[in-house]
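Values below: every heavy atom of this structure, side chains too, minus hydrogens, waters and symmetry copies. One-based numbering, in listed order, for ligands and for the atoms of each.
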Amino acid sequence: MGLLALGTPLDWPEAKKKADQVRQWGIEQLLANWQRCKGKERDALLWGDEVEYLVVALDDAAKKARLSLAQADILESLARDEALWQAGSSANDKGEHAGEQPPHFHPEFGRFMLEATPGSPWGIGFKDLLKVESNMKWRREVAKAHMAPNESPITMTTYPRLGTNDYTQPYYPPSGTAFRSQFVPDQIANPHIRFPTLAANIRSRRGRKVELNVPIFKDVNTPVPFKDPTVNYDLHLWPEDDDVRNGAAKDDHVYMDAMAFGMGSCCLQITFQAKNMTEGRMMYDQLSPLGPILLALTAATPIYKGFLVDTDVRWNQIGNSVDDRTREELGEAPLANDRWSIPKSRYASNSTYISQDPRLRKEYLDPDLVIDEDIKKRLMDGGMDDLLATHFAHLFIRDPLVIFSEDLEKLDLNQGDHFENLQSTNWQHMRFKPPPSDKDDIGWRVEFRPMEIQITDFENAAFCIFLVLITRAILSFDLNFYIPIQRTTENMETAHKRNAVLDSKFYFRKDPFPRRVHRSNGNGASSGANTPPPSPPLNPVETEYELMTISDIMNGSTDGSFPGLIPLVESYLNSLNVDVETRCSLASYLDLIRKRADGTLWTGARWIREFVAKHPAYKQDSVVSDEINYDLVKAVEEITAKEGRDGSVGWEMLRGKKN
Ligand code: GLU
Ligand code: MG
């Protein structure tokens, strides 16, 4: 999650004083880079996926699962092996992966997390799509080989008992100077100075601890009202201990108070390289409305801090875990010191469109978007167009959170560090990435960020493959998914509801096919016999979209009015010469998504809920005890370690395929 530069980080009041300088330098770096790269053309649609893991340590004798905090050792060992590999002498260079680049492993926020990417980007060909699943399995094997025998990488979004008792190895009691949490120690975060500084500066800027209140799932024996029994109202170690006495923990909610409860979650991300900036901007806009749909389809987060909750996804919890807005910015106090009231956290769905697309109607944009007008003016004076300048002037309403004093000595326009400082701490569901200043081979990229990590690699591969294919279909058929951006924000909330994938409806554009839009010839006058007839007038925006179920959106509506994204992908495949074998393999992945959308297969969230509900130790009181947690984590670990083995846990409901 961002750059790991080193230096002397500034504590909050000091960092705040330098915020304008960092923003200004960031904008100058952006402009210089944009001038250099705006005409850059690169291979279309190279792409890459990122898988995030939790590292668990299982004590089978004691029937106890814990999070392992061995990230640094594991990464060091992996890096050593990768070096051996490059030198041609790694023991892993064998079998079906001979000749492939070894996977890359990266640190993540949690000291119990790892991230892995393929060794080189995936290409445009369909054959590459068929390598994704085995490459993901390989990553897991390589990671596992560098862990203690009882440790494993698992792909649950959150650790079900994070923040309870005795859930890490080694154990550290709360609390530390960075989080000041009553539930988690600072040692739970990656010790690289960037992470504790990020957490501490978010808390300081905000003026109190972050606040996560997730509605409890009300089972028959859940107390009414539910008052989180783990909250301690009697602590007097930090000023922030007053938060709970001031009402931070809400009735009927599970209360959490640290960045680790959000940024300790795992997701599945995909980055596409576009052939040029124009195509990248188009992909950014067209994939944006798909965000909440894919969030609901991948839902896998029904447990927090040992309790079943009434939401299915991680998204808002991460948003709240990094929400550095002050009371003024939150609209809880009149503006006196801050510049704006800001409707969303830094981690949230994106708020504006950026493509210079004639189909982008001004009604799709948010008239209340908060932007820094001075920054927008500087960007436009530097030659950037209104839409893109607006996008960056919106991202740059935030303060930089981690500033190293060494970096403030001289502005280097050939670098992108100050720009990246703001860009990489705007965690929106889509990210538009200019080419890095120091890597000539990389073009304009778009990152798709909302999806939850899936328990099995078959599922993870299926969602990557679907996203690649729908992106190809969008470009090939010139599909149009524009809806007003505020509807996407609403859809994102809807995606949180328990079982939203089957029970909720989402705003979606009714007609995705291109309409004959005719660009004017510049002076607005008709230019003779070859001029196409004028476009029919546009209908009111509200008539362009409606509420649909995810099954309608993915599989097509029963009345045939909406074609469905999977059938669109299939038409795209039909329009090409794809050999039968490849076609069949792709179909099995698409089938998973089709069945997930119509309820034949379950989301991870549903599977986990069923697992807990059926567990003999579950008392129907929403509590996920140590014992249940061990069995759940063990089942997840077995599914992935022996993917293909028919276990007793009904996991075929997740993936619909027995090997
Ligand atoms: N783990 C975060 C999530 O679940 C994303 C961190 C990153 O951007 O790499 O969304
Ligand atoms: Mg990551």
message = Please tell me whether Ser152 and Glu637 have a donor and an acceptor in their side chains that are separated by less than 3.5 angstrom.
response = yes
With sequence neighbours left out, the residues meeting side chain to side chain donor-acceptor pair (under 3.5 Å) with Thr425 are Arg346
Inset, instruction - Before accepting this row, confirm whether a basic side-chain N of the pair Arg205/Asp399 lies closer than 4.0 Å to the acidic partner's carboxylate O. - result: yes
Margin query: Between Glu52 and the Mg ion (ligand 2), is there a contact where an N/O/S atom of the residue lies under 2.8 Å from the metal?
Written below: yes
Open item on the list: If you apply the rule side-chain contact (heavy atoms from CB on, under 4.5 Å), what do you find for Val56 with Ser68, and how did you get there?
Closed with: CA-CA 5 Å; Val56 293; Ser68 160; over 6 Å; no
Between ligand 1 and Tyr347, can you find any atom pair, the residue atom being a heavy atom, that is separated by under 4.0 Å?
yes
What do you reckon, does Gln269 have a nitrogen or oxygen under 3.5 Å from a nitrogen or oxygen of ligand 1? yes
Here the atoms of ligand 1 under 4.0 Å from any heavy atom belonging to Arg449 are 8 (O)
* Do Arg487 and Asn491 get their side chains close enough for a donor-acceptor pair, meaning under 3.5 Å? -> no
Short version for Thr157: what comes under 4.0 Å of ligand 1, heavy atoms counted, is neither
Closest to the Mg ion (ligand 2), among the N/O/S atoms of Glu115, is atom OE1
For Ile318, the ligand 1 atoms with a heavy-atom partner under 4.0 Å come out as 3 (C), 4 (O), 10 (O)
The atom of Glu108 among N, O or S that is nearest the Mg ion (ligand 2) is OE2
In ligand 1, the atoms that come under 4.0 Å of a heavy atom of Glu108 are 6 (C), 7 (C), 9 (O)
Going through the distances and angles, do Arg203 and Asp324 end up as a salt bridge (Lys or Arg N to Asp or Glu O under 4.0 Å)?
CA-CA 7 Å; Arg203 177 178 45 68; Asp324 68 341; over 6 Å; no
Could you tell me whether some N/O pair between Trp427 and ligand 1 is separated by less than 3.5 angstrom? no
> Any side-chain heavy atom of Phe463 within less than 4.5 Å of one from Leu592?
Replying inline: yes
Applying ring pair (Phe, Tyr, Trp, His ring centres under 6.0 Å) to Phe432 and not counting sequence neighbours gives Trp444
The answer for which part of Phe109 has a heavy atom under 4.0 Å from ligand 1 is neither
Does the side chain of Lys137 come under 3.5 Å of the side chain of Thr640 through a donor N or O and an acceptor N or O? no
message = Any nitrogen or oxygen of Glu50 lying under 3.5 Å from a nitrogen or oxygen in ligand 1? Just yes or no.
response = no
The answer for which part of Glu52 has a heavy atom under 4.0 Å from ligand 1 is side chain
